[in-house]
Amino acid sequence: MFNPPDAQTFFETVWDIVLQIPPGKVSSYGQIASMIPPRADMEPERMRNLAPRWVGTAMRKTPRGKSIPWQRVINSQGSISFPAGSPQAEEQRRLLEMEGVEFDDRGKVDFALVAWHGPDDAYLRRQGLLPPRPLK
């Protein structure tokens with residue numbers, strides 16, 4: 001399954017979460033996915049396995065013209081997911097570096113310095129979301 005059930009609602013939830021990530025901080029596909037509760041008709045384990053991929057799909061389908069800071073979402077290893085040297089990877093790295101995010105010689109960020117710890121509790125309650133899992 002490449003798209004979640006009710007993909008548009010899922011994608012819009014992802015985009016709204018990503019809008020909460022401040023400049024100079026990063027999140028991962030899995031961390032964002034961890035905030036979205038499983039649907040009643042879906043097993044939680046299946047949701048845990050598929051949702052990070054769906055977040056990636058949402059990021060690929062970010063509408064042009066919306067100011068969604070897509071560059072702030074990276075993989076759980078602290079790296080950019082686009083192929084190294086690709087125009088997309090170079091653009092994402094450039095945008096993050098402009099925000100003060102530093103990469104080591106392996107192209108990874110230090111989550112201890114730049115990990116986003118999620119939105120505040122009031123936002124989570126208003127949106128019906130779960131607390132995010134921490135980035136390691």
Side-chain angles (χ1 to χ4, degrees):
M1 182 182 298
F2 294 101
N3 286 320
D6 194 7
Q8 190 61 34
T9 299
F10 185 90
F11 294 165
E12 288 175 8
T13 300
V14 168
W15 299 327
D16 192 62
I17 292 169
V18 172
L19 283 168
Q20 309 310 306
I21 306 169
K25 297 294 181 183
V26 297
S27 185
S28 71
Y29 303 101
Q31 184 186 48
I32 292 169
S34 74
M35 289 184 251
I36 302 172
R39 291 170 39 122
D41 61 347
M42 179 172 275
E43 296 175 28
E45 185 64 29
R46 183 165 169 76
M47 176 81 172
R48 271 191 297 280
N49 291 335
L50 294 174
R53 293 180 193 159
W54 295 339
V55 170
T57 301
M59 298 316 301
R60 282 191 303 280
K61 294 185 177 208
T62 298
R64 299 282 180 224
K66 280 197 168 193
S67 296
I68 298 169
W70 62 272
Q71 73 274 11
R72 297 179 189 150
V73 183
I74 61 176
N75 65 38
S76 62
Q77 287 76 48
S79 302
I80 291 171
S81 291
F82 291 111
S86 70
Q88 298 94 336
E90 295 300 319
E91 175 72 358
Q92 187 171 14
R93 183 172 176 143
R94 183 184 70 75
L95 290 169
L96 287 170
E97 286 177 336
M98 285 176 46
E99 295 180 1
V101 175
E102 295 181 7
F103 292 82
D104 67 16
D105 58 351
R106 297 173 302 147
K108 295 184 178 200
V109 302
D110 183 348
F111 282 136
L113 299 175
V114 297
W116 179 53
H117 300 293
D120 63 37
D121 290 338
Y123 171 85
L124 294 172
R125 280 192 304 277
R126 274 193 318 274
Q127 302 300 324
L129 298 173
L130 303 170
R133 73 173 188 226
L135 293 175
K136 299 175 186 137

inquiry  = Under the criterion side-chain contact (heavy atoms from CB on, under 4.5 Å), I'd like the reasoning laid out for Thr57 against Val14: C-alpha separation, chi angles, the key distance, then a yes or no.
reply    = CA-CA 10 Å; Thr57 301; Val14 168; over 6 Å; no

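Applying the side chain to side chain donor-acceptor pair (under 3.5 Å) test to Ser28 and every residue at least two apart in sequence or in another chain returns nothing. The salt bridge (Lys or Arg N to Asp or Glu O under 4.0 Å) search around Glu12 returns none, not counting sequence neighbours. Contacts of Glu45 classified as side-chain contact (heavy atoms from CB on, under 4.5 Å), with partners at least two apart in sequence or in another chain: Arg48, Asn49. With sequence neighbours left out, the side-chain contact (heavy atoms from CB on, under 4.5 Å) criterion links Asp105 to no other residue. A search for salt bridge (Lys or Arg N to Asp or Glu O under 4.0 Å) contacts involving Arg106 returns Asp104, not counting sequence neighbours. Listed by chain and number, the residues in a side-chain contact (heavy atoms from CB on, under 4.5 Å) with Pro87 amount to none (sequence neighbours excluded). When the ring pair (Phe, Tyr, Trp, His ring centres under 6.0 Å) test is applied to Phe10, the partners found at least two apart in sequence or on another chain are Trp54. Listed by chain and residue number, Thr9 satisfy the side chain to side chain donor-acceptor pair (under 3.5 Å) test with Asp6 (two or more places apart in sequence, or in another chain). With sequence neighbours left out, Gln127 forms a side-chain contact (heavy atoms from CB on, under 4.5 Å) with Asp16, Tyr123, Leu129. With sequence neighbours excluded, the residues forming a salt bridge (Lys or Arg N to Asp or Glu O under 4.0 Å) with Arg94 are Glu91, listed by chain and number.
Taking NZ from Lys25 and CD from Gln20, the interatomic distance works out to 15.5 Å, rounded to the nearest 0.5 Å. Taking CD from Gln92 and CD from Glu97, the interatomic distance works out to 11.0 Å, rounded to the nearest 0.5 Å. One distance of note links CE of Met59 with CD1 of Ile68; it measures 7.0 Å at 0.5 Å rounding. The structure places CH2 of Trp116 at 9.5 Å from CG of Leu135, a figure rounded to the nearest 0.5 Å.
Taking a 6.0 Å sphere around CD of Gln88, one finds it holds more than 12 heavy atoms contributed by other residues, nucleotides or ligands.
In this structure, Ala58 and Phe11 approach most closely via the heavy-atom pair CB-CD2, 3.3 Å. Residue Glu90 comes nearest to Gly85 through the heavy atom pair OE2-CA, 3.6 Å, listed as atom of the first residue, atom of the second, then distance. Pro52 approaches Met47 most closely through the heavy-atom pair CD-O, 4.3 Å.
Sorted by first and then second residue, the salt bridge (charged side-chain N to carboxylate O under 4.0 Å, His left out) pairs involving residues 122-132 (not counting sequence neighbours) form an empty list.
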For residues 70-84, run the donor-acceptor check on the side chains, cut-off 3.5 Å, and write out each pair with its distance to 0.1 Å, sequence neighbours left out.
from	atom 1	to	atom 2	distance (Å)
Gln71	NE2	Glu99	OE2	2.8
Arg72	NE	Glu99	OE1	3.0
Arg72	NE	Glu99	OE2	3.1
Arg72	NH1	Ile21	O	2.6
Arg72	NH2	Glu99	OE2	2.8
Asn75	OD1	Gln77	N	3.0
Asn75	OD1	Gly78	N	3.3
Asn75	OD1	Ser79	N	3.0
Asn75	ND2	Ser79	O	3.2
Asn75	ND2	Ser81	OG	3.4

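Following chains of ILVMFWY side-chain contacts shorter than 4.5 Å, one cannot reach Trp15 starting from Leu130, and the two form parts of different hydrophobic clusters. A single hydrophobic cluster is seen to contain both Val109 and Leu113, as judged by linkage of ILVMFWY side chains at heavy-atom distances under 4.5 Å, directly or through other members.
At a threshold of 4.5 Å between non-hydrogen side-chain atoms, the residues Ile32 and Pro132 do not count as touching. Looking only at side-chain heavy atoms (C-beta outward), Phe111 and Lys136 stay at 4.5 Å or farther from each other.
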